[in-house]
Amino acid sequence: MDNQLYIHNTLSRKKELFEPINPPFAGMYVCGPTVYGDPHLGHARPAITFDLVFRYLLHLGYRVRYVRNITDVGHLVADLDEGEDKIAVKARVEQLEPMEIAQYYADRYFTYMEALNVKRPSIEPRASGHMIEQILMVRKILDAGYAYEVNGSVYFDVEKYSKPYEYGKLSGRILEDLLTNTRSLEGQDEKRNAADFALWKKAQPEHIMRWPSPWSDGFPGWHLECSAMSTKYLGEYFDIHGGGMDLLFPHHESEIAQCQAAIGHESVKYWLHNNMVTINGQKMGKSLGNFITLEEFFTGTHASLQQAYSPMTIRFFILQAHYRSTLDFSNEALQAAEKGLKKLLAGYETLGRLIALNQPHPQPLPKRGGEPSPPAPGVNQNPSPPAPLPGGEGRIAAIQRECYAAMNDDFNSPMVMANLFEGVRIINSAADKKESLSASELELMKNIFDTFLFDILGLKDEKSDDQHEVLDGLMQLVLAVRQKSRETKDWGTSDQIRDALQNLHITVKDGKEGSVWNIE
RNA sequence: GGUUUCGUGGCCGAGUGGCUAGGCAGCGGUCUGCAAAACCGUCCACAGCGGUUCGACUCCGCUCGAAACCUCCA
């Protein structure tokens with residue numbers, strides 16, 4: 001593949017060249033969480049997957065508008081007799097306002113996403129704040145003749161839609177099967193066909209969350225909010241729509257139908273779907289009750305967890321699998337991720353020391369991670385990775401090239417990581433004096449790590465930067481004192497200091513160029 | 001039952017028609033006051049059976065097994 005970005009489009013089931021509709025702008029909509037429960041590992045996967053996409057598009061110079069919704073209304077509870085709103089049910093139980101629940105869990109979601117170093121999208125619209133847009137969309141679909149009203153509820157007419165269009169093209173469903181194979185639900189008798197889905201539902205008397213509409217006091221159907229909000233913020237035709245594979249049918253399938261019916265054409269160019277996180281081979285999800293919340297991961301308070309796992313360990317764990325593969329949770333895999341991440345970060349620190357040694361005058365240690373360099377605004381009409389360095393390709397330039405090639409091949413983050421590990425091997429060899437790196441090679445290596453490890457993969461050293469400078473000064477002092485005792489072969493004192501530091505979870509390692517320290 | 005997808009070494013996970021993925025764990029060395037780290041080497045694969053091919057883990061078919069979706073779910 002050439003130097004261009006290819007992404008897997010679920011619609012064609014092929015990797016396609018990414019050509020934005022209106023470069024250098026790129027629009028992306030991703031289905032966000034329903035905020036009636038604590039965020040769990042399953043929520044982390046799409047958030048991190050599309051964060052990776054967001055970050056890479058930004059890196060390439062695109063001006064990205066990334067919209068991720070908050071669903072705070074509208075999903076029915078399937079296991080109850082009445083079609084009650086999930087959020088309303090929970091509110092009844094806890095004696096709280098529905099919006100209070102939604103607010104609480106939305107805040108929790110944001111907090112944990114931030115911990116995972118997931119960038120905030122450009123816009124995070126809420127379904128409850130877009131009733132007018134949703135009602136207007138129902139109106140348009142009715143006007144187009146692809147919906148009908150019954151007793152204050154409005155349903156999408158799948159069979160009629162399927163005459164000129166193809167309902168099922170995204171998920172590979174066949175209309176015949178849909179018409180015969182759909183389970184019967186409450187309100188089914190109102191529908192002309194079992195496969196029809198609700199655009200607007202009339203609220204039962206006990207239903208708390210309700211809004212006025214031309215048809216009834218009620219609430220919007222399951223799939224409407226995403227169509228209404230993506231159209232509002234990204235236009236009638238935009239580049240990328242993402243979400244979990246479990247949303248393929250019926251959610252995204254119905255979105256396609258709604259937009260086609262309301263607008264007259266499809267609205268999405270590339271459909272991207274991340275695969276599931278599994279636990280014991282099964283999907284981790286709310287319905288199975290086998291989910292582990294992010295809080296439980298970070299604190300280690302869950303029966304299945306042998307220890308706590310840091311947010312960056314979780315992020316590394318997710319990125320070390322390709323986003324379209326299932327990813328199986330296990331303590332062993334997470335512990336491997338923890339060690340692997342540590343190795344990468346240690347390699348970066350070693351690189352910083354090599355660069356400092358290479359300078360005529362000592363330089364302060366480089367800041368960890370650092371902010372992504374902002375793309376040059378608006379100048380890049382045809383964004384693409386930087387051209388390779390002139391003058392023959394060295395090993396390190398090859399790593400850079402491979403990292404770009406991996407990202408360009410449908411965001412292959414595991415491949416990027418493998419190349420970064422190769423970089424670490426070279427860095428460590430250089431630190432061991434087994435080979436030498438020129439100043440420009442060191443700079444290129446640093447650039448690769450800053451770009452790929454920190455900016456694009458979005459990993460970071462979890463040590464606090466503010467305190468680190470003070471602490472580092474302090475530690476240099478302690479290590480200098482210890483070094484004196486080592487020089488006089490006073491191993492008792494030397495080991496005493498090291499043991500005492502270890503009790504504070506500070507590990508000291510003695511190398512050829514002196515001692516280095518690290519907080520566990 | 002239908003749709004979609006997958007089965008890679010002790011564990012997790014990339015990838016390709018012929019050339020080492022990578023991480024973690026194991027084993028043997030080097031280095032080291034000790035420890036740790038690091039470096040070098042090394043063991044363990046491509047579910048099974050056929051077919052296409054000069055050659056398949058990679059393509060095709062079948063068998064077995066697994067998952068997601070078909071109902072809210074990331």
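By convention in this document, chain letters (A, B, ...) are assigned in the order of the sequence lines, proteins followed by strands, and residues within each chain are numbered from 1. If you're wondering where the values come from, they're calculated on a predicted model, not measured in any experiment.
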Heavy atoms of A:R315 and A:G458 approach each other most closely as NE-O, 3.2 Å
Notebook entry, point to check: Contact class for A:K489 vs. all strands (heavy atom < 4.0 Å): base, sugar-phosphate, or nothing?
Noted result: nothing
Nearest-Å distance once atom C1' is located in both B:rC46 and B:rC59 | 16 Å
Side-chain N,O (A:T34) to OP1/OP2 (B:rA74) below 4.0 Å
yes
Please determine whether a side-chain nitrogen of the Lys or Arg among A:E124 and A:R120 lies less than 4.0 Å from a carboxylate oxygen of the Asp or Glu.
yes
Have a look at A:V516 and say if it touches a base, only the backbone sugar-phosphate, or nothing, with a 4.0 Å heavy-atom cut-off. nothing
- prompt: Under 4.0 angstrom, heavy atoms only, what part of the nucleic acid is A:S494 near: base, sugar-phosphate, or nothing?
  reply: base
Per atom distances to the A:D246 side chain, the nearest of B:rA74, B:rA38, B:rG22 is B:rA74
What one should report as the nearest heavy-atom pair of A:C403 and A:N419 is SG-CB, 3.8 Å
The nucleotide from B:rC69, B:rG15, B:rG33 with an atom nearest the side chain of A:R173 is B:rC69
Original post:
B:rG26 and B:rG65: how far apart are their C1' atoms, nearest whole angstrom?
Top reply: 29 Å
**Asked** Would you say A:N412 reaches B:rA14's phosphate, i.e. side-chain N/O to OP1/OP2 under 4.0 Å?
**Response** no
Does this structure show an ion pair linking A:E422 with A:R425, if we count only N-O contacts that are shorter than 4.0 Å? yes
Separation of B:rC34 atom C1' from A:I497 atom CD1, nearest Å, is 15 Å
Regarding the side chain of A:A418, the nearest nucleotide among B:rA38, B:rG22, B:rG33 is B:rG22
* Output yes if the stacking criterion (under 5.5 Å between centres, under 30° between planes) is met for A:W491 over the base of B:rG33, else no. => yes
Atom CG of A:N331 and atom P of B:rA25 are separated, to the nearest Å, by 15 Å
For A:G32 and A:R68, the nearest pair of non-hydrogen atoms, with its separation, is CA-CG, 3.7 Å
Picking from B:rU4, B:rC39, B:rC69, the nucleotide nearest the side-chain atoms of A:R13 would be B:rU4
### Task
Give A:D328 one of three labels, base, sugar-phosphate or nothing, depending on what nucleic acid heavy atoms sit under 4.0 Å from its own.
sugar-phosphate
So A:V30, base contact, sugar-phosphate only, or nothing? Heavy-atom distance under 4.0 Å. nothing
To the nearest angstrom, the CG-P distance between A:L248 and B:rU71 comes to 14 Å
* In whole Å, what separates the C1' atom of B:rA21 from that of B:rC12? -> 14 Å
A:K343 has its side chain closest, among B:rC24, B:rA21, B:rG13, to B:rC24
**Asked** Which part of the nucleic acid does A:D510 contact within heavy-atom distance under 4.0 Å: base, sugar-phosphate only, or nothing?
**Response** base
Taking the P atom of each, how far is B:rC34 from B:rC43, in whole Å?
30 Å
*Would you classify A:L247 as touching base, sugar-phosphate or nothing, given that sugar-phosphate means primed atoms plus P, OP1 and OP2, and contacts are heavy atoms under 4.0 Å?*
sugar-phosphate
OP1, OP2 of B:rC12 versus side-chain N and O of A:K339: anything below 4.0 Å? no
Item to complete: Count the heavy atoms of every other residue, nucleotide or ligand shown that sit under 6.0 Å from CD of A:E114, and state whether that count exceeds 12.
Response: no
Checking N1-N3 plus N6-O4 or O6-N4 for Watson-Crick, or N1-O2 and O6-N3 for wobble, each under 3.5 Å, the partner of B:rA68 is B:rU3
Is any side-chain N or O of A:D432 under 3.5 Å from a base N or O of B:rC31, one able to act as donor and the other as acceptor? no
With heavy atoms under 4.0 Å as the rule, sort A:G42 into base, sugar-phosphate or nothing. base
- Message: Mind checking if A:M276 touches a base, just sugar-phosphate, or nothing, with heavy atoms under 4.0 Å?
- Response: base
Checklist line | Sugar-phosphate, base or nothing in reach of A:R498, heavy atoms under 4.0 Å | finding: base
Margin query: At 4.0 Å (heavy atoms only), tell me whether A:A333 reaches a base, stays on the sugar-phosphate, or touches nothing.
Written below: sugar-phosphate
**Request:** Look at the side chain of A:D495 against the base of B:rG33 and say whether a donor-acceptor pair falls under 3.5 Å; ignore hydrogens and angles.
**Result:** yes
Handout entry: Interatomic distance at P, B:rC60 relative to B:rU5, whole Å
Key = 12 Å
(message) Under 3.5 Å, is there a donor on one side chain and an acceptor on the other for A:D490 and A:T493?
(response) yes
Practice task
Check whether any side-chain N or O of A:N419 sits under 4.0 Å from OP1 or OP2 of B:rG22, and answer yes or no.
Solution key: no
Donor-acceptor pair under 3.5 Å, A:R425 side chain vs B:rA38 base = no
Whichever of A:K286 and A:Q282 has the more 5' nearest nucleotide on RNA chain B, that residue is A:Q282
Which of B:rC11, B:rG13, B:rA74 is nearest the side chain of A:S330? It is B:rC11
In short, A:Y112 meets A:P39 closest at the heavy-atom pair CD1-CG, 3.8 Å
Note to self: Ignoring hydrogens and geometry beyond distance, is a side-chain donor-acceptor pair present between A:T71 and A:E225 at under 3.5 Å?
What the structure shows: yes
The nucleotide from B:rC70, B:rA14, B:rG33 with an atom nearest the side chain of A:F249 is B:rC70
Ranking B:rG23, B:rC39, B:rG13 by distance to the side chain of A:P414, first place goes to B:rG13
Open item on the list: Between B:rG9 and B:rG22, how many Å separate the two P atoms, rounded to a whole number?
Closed with: 16 Å
Item to complete: Could you measure between the two P atoms, the one in B:rA45 and the one in B:rC6, and give it in whole Å?
Response: 25 Å
Regarding the side chain of A:H40, the nearest nucleotide among B:rC39, B:rA74, B:rC12 is B:rA74
_For a quick check of understanding: with a heavy-atom distance under 4.0 Å over all strands, which category does A:L420 fall into, base, sugar-phosphate or nothing?_
nothing
Closest to the 5' end of RNA chain B, once A:C31 and A:M245 are matched to their nearest nucleotides, is A:M245
